[in-house]
There are 2 protein chains.
Amino acid sequence: MGSSQARRMPVMADVAREAGVSHQTVSRVLNEHPNVRSETRTRVLEAIDKLGYRRNLVARALVTKHSRTLGVVSFDTTLYGPASTVYGIEQAARAAGYFVSIVSLKSIDRTGVRDALDYLADQGVDGIVVVAPQRSAAQTLADLAPGVPIVAVEGGEAGDVSVVCVDQVEGGRLATEHLLSLGHETVWHVRGPSDWLEAEGRVAGWRAALAQAGRAAPEPLAGDWSPRSGYEAGRSLASMAGVSAVFVANDQMALGVLRAFSEQGVKVPDQVSVVGFDDIPESEFFSPPLTTIRQDFDAVGRNSIEVLLQQIEGEEQRACERLVVPPSFVARASTARV
Amino acid sequence: MGSSQARRMPVMADVAREAGVSHQTVSRVLNEHPNVRSETRTRVLEAIDKLGYRRNLVARALVTKHSRTLGVVSFDTTLYGPASTVYGIEQAARAAGYFVSIVSLKSIDRTGVRDALDYLADQGVDGIVVVAPQRSAAQTLADLAPGVPIVAVEGGEAGDVSVVCVDQVEGGRLATEHLLSLGHETVWHVRGPSDWLEAEGRVAGWRAALAQAGRAAPEPLAGDWSPRSGYEAGRSLASMAGVSAVFVANDQMALGVLRAFSEQGVKVPDQVSVVGFDDIPESEFFSPPLTTIRQDFDAVGRNSIEVLLQQIEGEEQRACERLVVPPSFVARASTARV
DNA sequence: GGACCCATTGTTAACGTTCACAGTCTTCCC
DNA sequence: GGGAAGACTGTGAACGTTAACAATGGGTCC
């Protein structure tokens with residue numbers, strides 16, 4: 001009778017009975033406790049195998065207070081940058097034996113970040129990575145010390161939380177110096193949205209490089225990372241006199257700029273040189289292939305997990321690290337000597 | 001003394017004591033049980049507020065057997081398609097009050113998918129969405145009925161699992177018919193990797209449209225979704241005589257094709273018309289702007305969650321649905337009358 | 001040969017919630 | 001006024017694991 005009924009999942013006690021030991025011994029085998037006779041161990045292992053037992057991680061989390069789950073809060077994971085970073089985070093976390101729970105925000109405002117953090121904290125995550133490159137998000141984070149360890153990616157000034165980021169200033173500098181070294185009088189800039197720290201950093205690097213070379217910095221054109229905004233900036237630039245070099249704050253906008261120039265009959269790189277930022281997979285096949293600054297998103301992801309795990313598993317109180325990943329210059333065909 | 005010690009998180013019993021009720025009453029308030037006197041309810045709510053109590057979801061999951069967490073298995077979330085789908089899934093899941101745990105596979109092989117599924121099942125997810133457009137993954141899924149409800153996205157033939165997908169065949173047909181309607185004698189095709197069901201579907205649609213028009217189908221060129229592979233296919237096509245229309249299986253490869261044509265002096269759309277697939281945000285700003293087939297990834301994500309939740313929460317045994325999202329044609333400037 | 005240590009195992013009690021059931025106190029009806 | 005049907009609340013036992021401690025047995029050391 002009742003054989004048709006789905007047999008319920010075996011629990012530790014079932015394994016114990018099958019192997020003729022106590023449930024605690026089963027637990028010890030599972031947790032690789034040293035003091036278990038090897039013969040006992042194999043007997044337990046066989047019982048586990050026979051019954052198809054799988055340990056209930058929820059029950060385990062209840063008593064250990066560790067869920068082995070990490071939370072990730074990110075902004076629009078459709079964009080290449082965030083997507084790649086989250087991907088790197090996920091890979092690194094899984095390699096370390098952690099699950100990853102994701103909250104992807106449509107827009108980043110104070111309450112949005114706060115809710116996401118609460119939401120994840122409720123779930124009992126052991127730590128949180130916040131991929132929140134906007135100033136508002138970064139500030140929220142500073143106030144908001146939840147019970148769990150936090151690492152910010154691109155999170156601005158290291159306040160109360162550890163930060164892992166790419167050196168945006170250096171990237172902006174690299175791009176600008178490259179253009180200056182080709183003999184351009186000055187370099188125009190299509191910047192990202194003012195709320196974004198990354199945008200700020202690139203502007204700062206651009207300004208610094210110009211200042212160092214004793215050149216005046218033209219007014220930067222505002223964009224929002226989208227190809228369309230780049231396109232519009234490109235139309236403006238095409239209509240202006242004396243523009244021979246442009247540093248665009250990301251590759252997508254650079255694509256828009258290239259498109260606008262092409263429409264207006266402005267030849268790249270013959271008349272104007274263009275440098276992008278990110279090195280998305282498409283950049284190499286733009287017309288012309290885009291010279292750009294590469295961000296190692298994978299390294300960012302890996303490092304953020306490393307810092308976070310150190311905070312979670314390490315015993316000593318951490319010193320709120322700030323880990324900076326260097327960008328690199330990628331030469332292609334969109335820039336030329338003046 | 002001991003005030004410096006971090007006060008431990010309050011639990012239900014603490015709230016109960018504070019409010020002068022039993023822990024069960026607190027539980028009832030939290031779970032919105034109807035039979036609680038409203039005065040009692042406010043007293044409990046005040047106690048919760050005062051103590052800053054937050055319900056322990058792990059303990060709750062242990063007894064209810066529901067974690068309110070959904071698992072997502074995906075292949076390379078760096079690609080636009082998977083990234084957008086996962087984004088849609090995450091949004092829909094959160095709206096429904098579920099957490100999302102992600103496993104992003106580097107490569108999809110049988111063991112990879114199996115491990116991911118086990119991994120998620122161990123964690124106690126209530127259901128799993130598998131974004132696995134490869135044939136091998138889809139087949140693995142069929143064998144592998146774990147204890148939890150599963151929905152496959154782009155999962156091929158609806159076998160034992162429900163499937164949500166975009167009508168790839170229809171997409172291929174739309175692209176091809178558009179080109180034929182412009183007066184092109186035949187349409188060449190740069191296809192995706194043969195292991196991918198999406199690639200197969202697009203090939204099938206392309207073939208069907210050609211057959212219906214009574215045209216011979218040239219041998220398709222093989223690509224791997226990357227711009228580079230499109231570039232190589234483009235070089236081949238540029239060197240061939242009689243190529244006037246090309247349907248490329250995704251926008252990234254189409255970019256490579258456009259690049260190759262541009263290098264070889266082949267004018268698009270004057271000499272050759274090109275149609276892509278996906279409608280990534282960049283496509284509108286390619287040179288020339290790319291005519292393409294749009295996939296509504298957001299709808300796919302939403303639908304997959306809907307189907308999954310129906311399986312989880314609905315009482316009646318589901319009939320292994322197959323939900324097809326139609327693609328749409330987006331006209332731009334990369335195609336022209338012959 | 002007795003004390004003691006260590007390896008191995010078992011027993012009992014948490015962890016913080018919900019479920020099942022048993023109360024108590026109204027209210028309402030005949 | 002007796003009873004029954006609700007509304008509301010409390011008590012005890014799960015859920016499946018790990019932690020703490022106790023117990024057993026064999027060996028070693030002097």
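Scope of the values below: all heavy atoms of this structure, side chains included, with no hydrogens, waters or symmetry mates. Since we're looking at a predicted model, the values are computed, not measured.
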To the nearest Å, how far apart are B:L62 CG and D:dT18 P? 12 Å

Among the nucleotides C:dT9, D:dC8, D:dT18, which one has an atom lying closest to any side-chain atom of B:T40? D:dC8

Run A:Q123 and A:T69 through side chain to side chain donor-acceptor pair (under 3.5 Å) and show every step you take. CA-CA 9 Å; A:Q123 200 198 16; A:T69 297; over 6 Å; no

Answer with base, sugar-phosphate or nothing: what part of the nucleic acid does A:V21 contact at a heavy-atom distance below 4.0 Å? sugar-phosphate

Gap between atoms NE2 and P, on A:H66 and D:dT17 respectively (whole Å): 18 Å

For the OG1 atom of B:T85 and the CZ atom of B:F75, what is their distance to the nearest 0.5 Å? 13.5 Å

Whole-Å gap separating C1' (C:dA14) and CG (B:N56): 14 Å

Below 4.0 Å: OP1/OP2 of D:dG6 and any side-chain N or O of B:N35: no

Are OP1 or OP2 of C:dC25 and a side-chain N or O of B:R37 less than 4.0 angstrom apart? no

In terms of side-chain heavy atoms of B:R60, which of D:dG16, C:dT17, D:dC8 is nearest? C:dT17

Roughly, in whole Å, what's the span from CG in A:L30 to P in D:dT17? 8 Å

Candidates D:dT18, D:dG10, C:dT18 - which lies nearest the side chain of B:S22: D:dG10

Specify the residue among A:H33 and B:M12 whose closest nucleotide of DNA chain C lies further upstream toward the 5′ end. A:H33

Taking the side chain as every heavy atom from C-beta outward, state whether B:R94 and B:F99 have any pair of such atoms under 4.5 Å apart. no

Rounded interatomic separation in angstrom, taking CZ from B:R55 and C1' from C:dT18: 10 Å

Just N and O in the side chain of B:S27: are any of them under 4.0 Å from OP1 or OP2 of C:dT17? no

Atom CD of B:E39 to atom P of C:dT26: distance rounded to whole Å? 13 Å

Under 4.0 Å: is that the gap between some side-chain N or O of A:R28 and OP1 or OP2 of C:dT9? no

Would you tell me if any nitrogen or oxygen in the side chain of B:K65 comes within less than 4.0 Å of OP1 or OP2 on C:dT18? no

D:dT17, D:dG10, C:dT11: which one has an atom nearest the side-chain heavy atoms of A:A59? D:dT17

Closest listed nucleotide, where the reference is the side chain of B:T64 and the choices are D:dT18, C:dT18, C:dT8: C:dT18

Regarding the side chain of B:V63, the nearest nucleotide among D:dT9, C:dG10, C:dT17 is C:dT17

Whole Å only: how far is the CD atom of B:Q24 from the P atom of C:dG23? 16 Å

Do A:C165 and A:R322 have side chains that get closer than 4.5 Å, going by heavy atoms? yes

Please report, rounded to the nearest Å, how far the P atom of D:dG16 is from the OH atom of A:Y53. 10 Å

To the nearest 0.5 angstrom, please state how far the CD atom of A:Q311 sits from the CG atom of A:D126. 12.5 Å

Rounding to 0.5 Å, atoms CG (A:L62) and CG (B:L57) come to a distance of 11.5 Å

Could you check whether A:V58 gets within reach of a base, just the sugar-phosphate, or nothing at all, counting any heavy atom under 4.0 Å? nothing

